[in-house]
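These notes concern the structure reproduced below.
Reminder, nothing fancy here: chain letters follow the sequence lines and each chain counts from 1.
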2 protein chains.
Amino acid sequence: MDSAQQTADFAANGHQFFLPHLSIDCVVFGYHDHQLKIFLVRYHGHEAWSLPGGFIKRDETLTDAANRILAEKTQITNVFLRQFHTFGDSPTRLNRIETQQIHNKIYAKVNVAIGEDHWLSERTLSIGYYALVDYHTLIITPEHLIEEYGWCDIDKILPLLFDHHEIIETALLTLRSQIYQLPIGYNLLPAKFTLPEIHALYEAVLGKTFDRRNFRKKLLTLGLVRQLDEQRKIGAHRSPFLYEFDLQNYHKALEQGAPLAY
Amino acid sequence: MDSAQQTADFAANGHQFFLPHLSIDCVVFGYHDHQLKIFLVRYHGHEAWSLPGGFIKRDETLTDAANRILAEKTQITNVFLRQFHTFGDSPTRLNRIETQQIHNKIYAKVNVAIGEDHWLSERTLSIGYYALVDYHTLIITPEHLIEEYGWCDIDKILPLLFDHHEIIETALLTLRSQIYQLPIGYNLLPAKFTLPEIHALYEAVLGKTFDRRNFRKKLLTLGLVRQLDEQRKIGAHRSPFLYEFDLQNYHKALEQGAPLAY
DNA sequence: CTCTTATTGTGTCAAATATACACATTGACA
DNA sequence: TGTCAATGTGTATATTTGACACAATAAGAG
């Protein structure tokens, strides 16, 4: 949907090819500079930001839809992407007028008026997916209606449309609850990382602090990471060693749900 | 929907009051006789069984819909009910012909033919909820189209319609992963229970065995249960003591995710 | 009445793990 | 060469886990 014409066509005829009443929203997590971040977009006509999202094609599996939508909005493919919750309780989502007005402002850019009976004004439940992305790999060709996009620190989230705040909150709780069962560290970190980086990641996701020495001891005792010969230059300080995951031991630990720290 | 007329009306006009393309299926867990069980129904015209399910009203929150559907099919209210996954990948769910045929056989009972373009033939995603129920409290007034219903042992599940097998499998995995974070033991057991009962419940849910003595030690160390003065008669054997949960300590342990056994 | 059988109730000890904690090293820059 | 801020590393203690065996009880059979 990169031209005005295609965008207008979507508004006019989308209901023929997409399921109404149902959308997918993606919470894309990245990690950089000891901060957990979320990728957000800002649509035409709005000051508030949004999660990247879209609709499900009528003949497409749900998993395919989630991957396609993520790829369309962010050009990201082949990443860890997982469903976490379906949202259908928020009053905002039940309010047709509000839904209509939000879409109406967005599609004003392509001179399409979204009326009260337009399919985009209908009540829509949203299936939440979260993605784990290496912060540096992100390349964007924004869609026509997106005026701005970028990473946002998890603890400084800007005002958002619909119930996207609740969706992010739930995604974060899910991330927390799954960090010892799913390869969340692996997918948020680059292939080579330092101990302070992985340490700060676990602290950022879980929102508490761990003793540096005990954390390292646990990683090494379980054999989750391998020290490399390289070091990273970090300016006026001692150069930390780089590490990589030992995938065999890492996946074994995830299967057992072994906590890295308490 | 307890009369033939109401049922026929639903098939004819349901799409005006309910969201199409979207249903809710409930995996109702119970526990009895050291066995984890699931409540299943069998519709007219089918040998295969189904999960109790239904559609979401256009102006109803998702949570309200789940509770209403559970109440309509089982008369169960005010129980632990939680969304766990939305299903939209199964080929069965994408196949309109198959969907049509299944509904056609069911509604034959009320002389309604479900055609290819009927709203019930459309592709439908399903939002899975699981409920935890005290086995003994179940009272049923079955709906018109339900020919049979009852509990089914988790390890002897009968053939099922649609992708209901996958839904149950996912519900069970969810139960397992949440047993140390959510009050699953509390909601599956009666108010008073014996140590062997709670022990066998954790073994049934998690699918492994725990040392009886260490399990008891952990329960008591954490102060999760209180021994009562009563005992239960169990026939030709020593009478076990009855216990009840210490809710304060139990909830504290759940917040921390403390495992009861390994 | 007593013997048998199946089930429940209970304690101890060794091994593993978690937790608390402090000092040395490095790299840049003043 | 001294300072500063960050990284790298080890030890001792407390706690938890995991393995394990015997006594008590209830009912029914003989």
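Between A:His32 and A:His136, the ring center distance clears the sub-6.0 Å criterion.
Scanning for side chain to side chain contact (heavy atoms under 4.5 Å, CB included) contacts around B:His46 gives B:Ile102, B:Lys105, B:Ile106, B:Leu161, with sequence neighbours left out. Applying the side-chain hydrogen bond (donor to acceptor under 3.5 Å, both in side chains) test to B:Tyr31 and every residue at least two apart in sequence or in another chain returns nothing. When the ring pair (Phe, Tyr, Trp, His ring centres under 6.0 Å) test is applied to A:His34, no partner is found at least two apart in sequence or on another chain.
Rounded to an integer number of Å, the gap from CG of B:Leu222 to C1' of D:dT16 is 11 Å. Here D:dC20 presents its C1' atom at 18 Å from CZ of B:Phe210, a figure rounded to the nearest Å. For the pair A:Asp33 CG and D:dA6 P, the interatomic distance rounds to 13 Å; values are reported in whole Å. The distance from atom CD of B:Gln227 to atom P of C:dT8 is 14 Å, rounded to the nearest whole Å. Put simply, CZ on B:Arg232 is 22 Å from P on C:dA6, counting in whole angstrom units. Taking atom CZ on A:Phe215 and atom P on C:dA18, their separation rounds to 13 Å, with Å as the unit. A:Gln256 places its CD atom 11 Å from the P atom of D:dG18, with the value rounded to the nearest Å. In this structure, CG of B:Asp211 is placed 12 Å from C1' of C:dT10, rounded to the nearest angstrom.
Residue pairs satisfying the salt bridge (charged side-chain N to carboxylate O under 4.0 Å, His left out) criterion with at least one member in residues 147-159 of chain A, sequence neighbours excluded, are listed as follows: A:Lys37-A:Asp153, A:Arg42-A:Glu148, A:Lys109-A:Glu147, A:Asp153-A:Lys156. Screening residues 159-174 of chain B for salt bridge (charged side-chain N to carboxylate O under 4.0 Å, His left out), with sequence neighbours left out, gives B:Arg93-B:Asp163. Residue pairs meeting the salt bridge (charged side-chain N to carboxylate O under 4.0 Å, His left out) criterion with at least one member in residues 242-253 of chain A, sequence neighbours excluded: A:Arg226-A:Glu244, A:Arg226-A:Asp246.
Not one side-chain nitrogen or oxygen of A:Arg213 sits closer than 4.0 Å to the OP1 or OP2 atom of C:dA20. The side chain of A:Lys218 contributes no N or O atom lying less than 4.0 Å from OP1 or OP2 of C:dT17. Close to C:dG9, at under 4.0 Å from its OP1 or OP2, lies no side-chain N or O of B:Arg216.
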For residues 181-196 of chain B, which side-chain donor-acceptor pairs fall under 3.5 Å, sequence neighbours excluded?
from: B:Asn187; atom 1: ND2; to: B:Pro183; atom 2: O; distance (Å): 2.7
from: B:Lys192; atom 1: NZ; to: B:Glu230; atom 2: OE2; distance (Å): 2.6
from: B:Thr194; atom 1: OG1; to: B:Glu197; atom 2: N; distance (Å): 3.2

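When the nucleotides C:dT17, D:dG8, C:dG9 are ranked by their closest atom to the side chain of A:Arg212, D:dG8 comes out on top.
Contacts between residues 193-207 of chain A and DNA chain C, defined by a heavy-atom separation below 4.0 Å, involve no residue at all.
Side chains of B:Glu255 and B:His251: a donor-acceptor N/O pair is absent below 3.5 angstrom, by distance only.
Nearest-nucleotide positions on DNA chain C for B:Lys217 and A:Asn214 put B:Lys217 closer to the 5' end.
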With the criterion being N/O to N/O and under 3.5 Å, what pairs connect the protein with nucleotides 25-30 of chain D, and how long is each?
from: D:dT25; atom 1: O2; to: B:Arg238; atom 2: N; distance (Å): 3.2
from: D:dA26; atom 1: O4'; to: B:His237; atom 2: O; distance (Å): 3.0
from: D:dA26; atom 1: O3'; to: B:Gly235; atom 2: O; distance (Å): 3.3
from: D:dA26; atom 1: N3; to: B:Ala236; atom 2: O; distance (Å): 3.0

